[in-house]
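Quick notes on the structure that follows.
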Amino acid sequence: MNEVRVRFAPSPTGFFHIGSARTALFNWLYARHTGGTFVLRIEDTDKERNTEEALQVLLDGMRWLGLDWDEGPEKDGAFGPYFQSERGTVYQEYLDKLREQDRVYEKDGAIWFKLEGERYTAYDERLKKEIEKVKAEPIVIEDAVRGRVERAEEKDFVIFRANGEPVFHFVNVVDDISMGITHVIRGEDHLSNTSKHCELFKAFGHPYPVFAHIPLILKSSGPGKMSKRDEGALIEDYAKRMFLPEAVRNYLCLLGWSPKDDREVIPINEIIELFDLPGINKGNARFDEKKLSFVNTEYVRAMPLETFTWMARPILNEQGLVSEDFDETRLQAILAICQPKVQSFEDLPGFVSYFFKDDFAYDEKAARKVMKKGDPLKRIEEFKAGLASLESWDSASLDALVAALVETHGASLGEFIQPARLAVSGTNRGPGFNELILTLGQAAVLKRFDRFLETMAQETPTD
RNA sequence: GUCCCGUUCGUCUAGCCAGGCCUAGGACACCGGGUUUUCAUCCCGGCAACAGGGGUUCGAAUCCCCUACGGGACGCCA
């Protein structure tokens, strides 16, 4: 049985960092690609934070991204418990194994792991003092992403703090062994720690798992990796901003991995099929919100109208634009002409608000641009008269009407359409003109024309 | 400071392992043009990169070495 078992082992800090999310994603992809098992293990040895709440942020983030785990919190398996805070006896057991081999000692109340090799003292430039070092055999790993990496540990290290709590390096390795983890996919920031971990694997007489150290996500500008304070660093923010989780996930896949065939917007099942460890890039990737937005827009445009409407309703409701019982057919009709134009759900309320309220404001810039050309008020009067007598409310009739207006009054199409758009929507951008007028309905359009004439007459007195 | 890892357009990347098909491809962004009754879409075009230097070779983005730069790790944090 060499079934793949991977794990994502976050510590609940109260936020879900985009880098962690990408690590989780790659583990998940690999598990799904290989038909293996994806374990979610919570490294909650630090009890300072509000763990329950912090845990929920994490679990919510995982669920939002669609990264379902096979074993872990709320999903017990044969290798539990999946919270490190509940694995004390396991850690004691493994500590005893090291004791039996005389690989540990106490110093300053803490328990240290003893490296094997010749000991000597040397001046440490960083600690500014003489310390004991060990000439240990170099650890060599065959990293699935980076190839052969060799590094030697040179100092004993703490595995249990003076307060009795086990340290990360120790629990990480013990859990990976006791949970049967076969592949360790994690950020490159752990590459240097790997020699510590391998020392422990060796001491336990356990073969190394396959390591795959993935590149880091760097700030979109400036030096260093993405930190939680950077714009766009937190998964929960994308949820709040109503990004589509599939889009965020798709974008994250593209940071450090590619399908090699120039495709970018790809269904997740195809990514799962193509994903593999050697295909992961070695170099760090810079986060780019513009590209993320692009991917998001692609997903927004591609949604079935029913789904789009279903998602839009609560958003519009929250903005006070539509009521709970707003007619579904009507809502769908409005959204049908907006979906191809709007960029994101975040922009949607602003994009469609005038459909739901009559007292919208006229965008100043748009108004200035429209009002200075020709005689817009006169055109609206003419348009109004034409519309009032329009017999049939359809696109063809509207086309005919506008053509007739152009003909009779000797003004260009734009001179009718631009003020009309401004009059009914308060802006100079939006859905196609005919669709806009037709969807609003004859009564609303006429009413809005009147309001426009009144308002503009006041603001731009003509002698 | 020591150690580890990396380096192709502004950004994400393809190509590198198995050197010639690369006058280096795609995408985002940006800039122009066209279509459009506005905006958007769409279409066309443009900008723009193999970090530098040495080798190896008939031939190097691809292999080797050095330098530079970037990132990471050196905690009784994870």
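So you know, we letter chains A, B, ... as the sequences are listed, proteins then strands, and number each from 1.
Using a 4.0 Å heavy-atom criterion, one finds that A/Leu413 contacts the sugar-phosphate atoms exclusively. The residue A/Glu150 sits close only to the backbone: its heavy atoms come under 4.0 Å of sugar-phosphate atoms, none of a base. A/Pro431 comes within 4.0 angstrom of a nucleotide base, judged by non-hydrogen atoms across all strands. Using a 4.0 Å heavy-atom distance criterion, A/Asn434 is classed as a base contact. Nucleic acid contact for A/Asp189: sugar-phosphate only, since backbone atoms but no base atoms lie under 4.0 Å from a heavy atom of the residue. Among the atoms of the strands shown, none is found under 4.0 Å from any heavy atom of A/His213. Among the atoms of the strands shown, none is found under 4.0 Å from any heavy atom of A/Gly147. Here A/Phe433 lies in heavy-atom contact (under 4.0 Å) with a base. At the heavy-atom level, A/Asp108 lies under 4.0 Å from base atoms of the strands shown. When heavy atoms are screened at a 4.0 angstrom cut-off, A/Gly283 is found touching the sugar-phosphate backbone but no base atom. Nucleic acid contact for A/Gly432: base, since at least one base atom lies under 4.0 Å from a heavy atom of the residue. Within 4.0 Å (heavy atoms only), A/Asp261 reaches no atom of the nucleic acid at all.
Closest to the side chain of A/Ser192, from the set B/C4, B/A14, B/G71, is B/C4. Closest to the side chain of A/Ala285, from the set B/A78, B/G71, B/U13, is B/U13. Nearest to the side-chain atoms of A/Ser11 among the listed nucleotides B/U37, B/A78, B/G72 stands B/A78. Between B/A78, B/U38, B/C5, one nucleotide has an atom nearer to the side chain of A/Glu43 than all others, and that is B/A78. Listed nucleotides: B/G75, B/C5, B/U11. Nearest to the side chain of A/Arg126: B/G75. Nearest to the side chain of A/Phe168, among B/A73, B/A78, B/G26, sits B/A78. Residue A/Leu254 places its side chain closer to B/C12 than to any other of B/C12, B/A73, B/G71. The side chain of A/Val158 sits closest to B/C76 out of B/C76, B/C39, B/A29. Of the candidates B/C12, B/A78, B/G72, the closest approach to any side-chain atom of A/Lys291 belongs to B/C12. For A/Glu188, the side-chain atoms get nearest to B/G72 when compared with the rest of B/G72, B/U37, B/C12.
Taking side-chain N and O atoms only, A/Arg161 has a distance below 4.0 Å to OP1 or OP2 of B/C77.
Ring orientation note: the planes of A/Phe383 and A/Phe416 are nearly perpendicular, at an angle over 60° on the 30°/60° scale. In this structure, A/His213 and A/Phe211 have parallel ring planes: the angle between them is below the 30° cut-off, well short of the 60° mark. Classification of the A/Phe452-A/Tyr362 ring pair by plane angle, with boundaries at 30° and 60°, yields perpendicular.
One interatomic measurement links the two molecules: CD of A/Glu125 to C1' of B/G1, which rounds to 5 Å at whole-angstrom precision. In this structure, A/Arg286 places its CZ atom 13 Å from C1' of B/G6, rounding to the nearest Å. Going from atom OH of A/Tyr251 over to atom C1' of B/U13 covers 11 Å, rounded to whole Å. Atom pair A/Asn428:CG and B/U37:C1' shows a separation of 13 Å (rounding to whole Å applied). Taking atom CG on A/Asp156 and atom P on B/C76, their separation rounds to 12 Å, with Å as the unit. Spacing between atom NZ of A/Lys282 and atom C1' of B/C16 amounts to 9 Å, rounded to whole angstrom units. The distance between atom CG of A/Asp347 and atom P of B/A40, rounded to the nearest whole Å, is 14 Å. Summarising the geometry, the separation between CG on A/Leu127 and P on B/U2 is reported as 15 Å, rounded to the nearest angstrom.
Under a cut-off of 6.0 angstrom, the local environment of CD in A/Glu130 is crowded, with over 12 non-hydrogen atoms contributed by other residues, nucleotides or ligands.
When the C1' atom is used for both B/U23 and B/C69, the distance is 29 Å, rounded to whole Å. Between B/G34 and B/G70, the distance separating the two P atoms is 45 Å to the nearest Å. Straight-line distance between the C1' atoms of B/C9 and B/A14: roughly 13 Å, to the nearest whole Å. For B/A68 and B/C30, the C1' atoms lie 30 Å apart once the distance is rounded to whole Å.
Contact of A/Lys290 with B/A29 (side chain to base): no donor-acceptor pair of N or O atoms is detected under 3.5 Å. With hydrogens and angles ignored, no donor-acceptor pair under 3.5 angstrom links the side chain of A/Asn284 to the base of B/G71. Put simply, the side chain of A/Arg429 and the base of B/U38 share no donor and acceptor less than 3.5 Å apart. In the interface, the side chain of A/Glu264 is paired with the base of B/G26 through a donor and an acceptor atom under 3.5 Å apart.
Not counting sequence neighbours, the partners of A/Glu71 by the side-chain contact (heavy atoms from CB on, under 4.5 Å) test are A/Arg5, A/Thr37, A/Val39, A/Phe79, A/Tyr82. Listed by chain and residue number, A/Arg146 satisfy the salt bridge (Lys or Arg N to Asp or Glu O under 4.0 Å) test with A/Glu188 (two or more places apart in sequence, or in another chain).
Of the nucleotides present, none pairs with B/C39 by Watson-Crick or G-U wobble criteria with both distances under 3.5 Å. When both distances must be under 3.5 Å, the Watson-Crick or G-U wobble mate of B/U57 does not exist. Searching all strands for a Watson-Crick or G-U wobble partner of B/G19 with both distances below 3.5 Å returns nothing. Across all strands shown, B/G45 forms a Watson-Crick or G-U wobble pair with B/C31, both key distances being under 3.5 Å. A 3.5 Å limit on both hydrogen-bonding distances identifies no Watson-Crick or G-U partner for B/U62. The nucleotide B/C9 finds no pairing partner, because no Watson-Crick or G-U wobble arrangement with both distances shorter than 3.5 Å includes it. Pairing for B/G1 is with B/C74, a Watson-Crick or G-U wobble pair whose two hydrogen-bonding atom distances lie under 3.5 Å. Nucleotide B/A14 forms a pair with no other nucleotide shown, judged by Watson-Crick or G-U wobble geometry with both contacts under 3.5 Å.
Note that A/Arg22 lies in the cation-pi zone of A/Phe26, set by a 6.0 Å cut-off to the ring centre and a 45° limit from the axis. In this structure, A/Lys97 forms a cation-pi arrangement with A/Tyr94, its terminal cationic atom sitting closer than 6.0 Å to the ring centre and no more than 45° off the ring axis.
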One pair to check against ring-ring contact (aromatic ring centres under 6.0 Å, His included): A/Tyr91 and A/Phe160. What are the steps and the verdict? CA-CA 10 Å; A/Tyr91 303 139; A/Phe160 275 77; 7.5 Å; no

Can you check salt bridge (charged side-chain N to carboxylate O under 4.0 Å, His left out) on A/Asp156 and A/Arg119, steps first, answer last? CA-CA 10 Å; A/Asp156 292 343; A/Arg119 287 175 187 259; 2.9 Å; yes

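Residue whose closest nucleotide on RNA chain B sits further toward the 5' end, between A/Arg146 and A/Ala110: A/Arg146. Residues A/Val149 and A/His190 both approach RNA chain B. Their nearest nucleotides, taken by heavy-atom distance, put A/Val149 toward the 5′ side.
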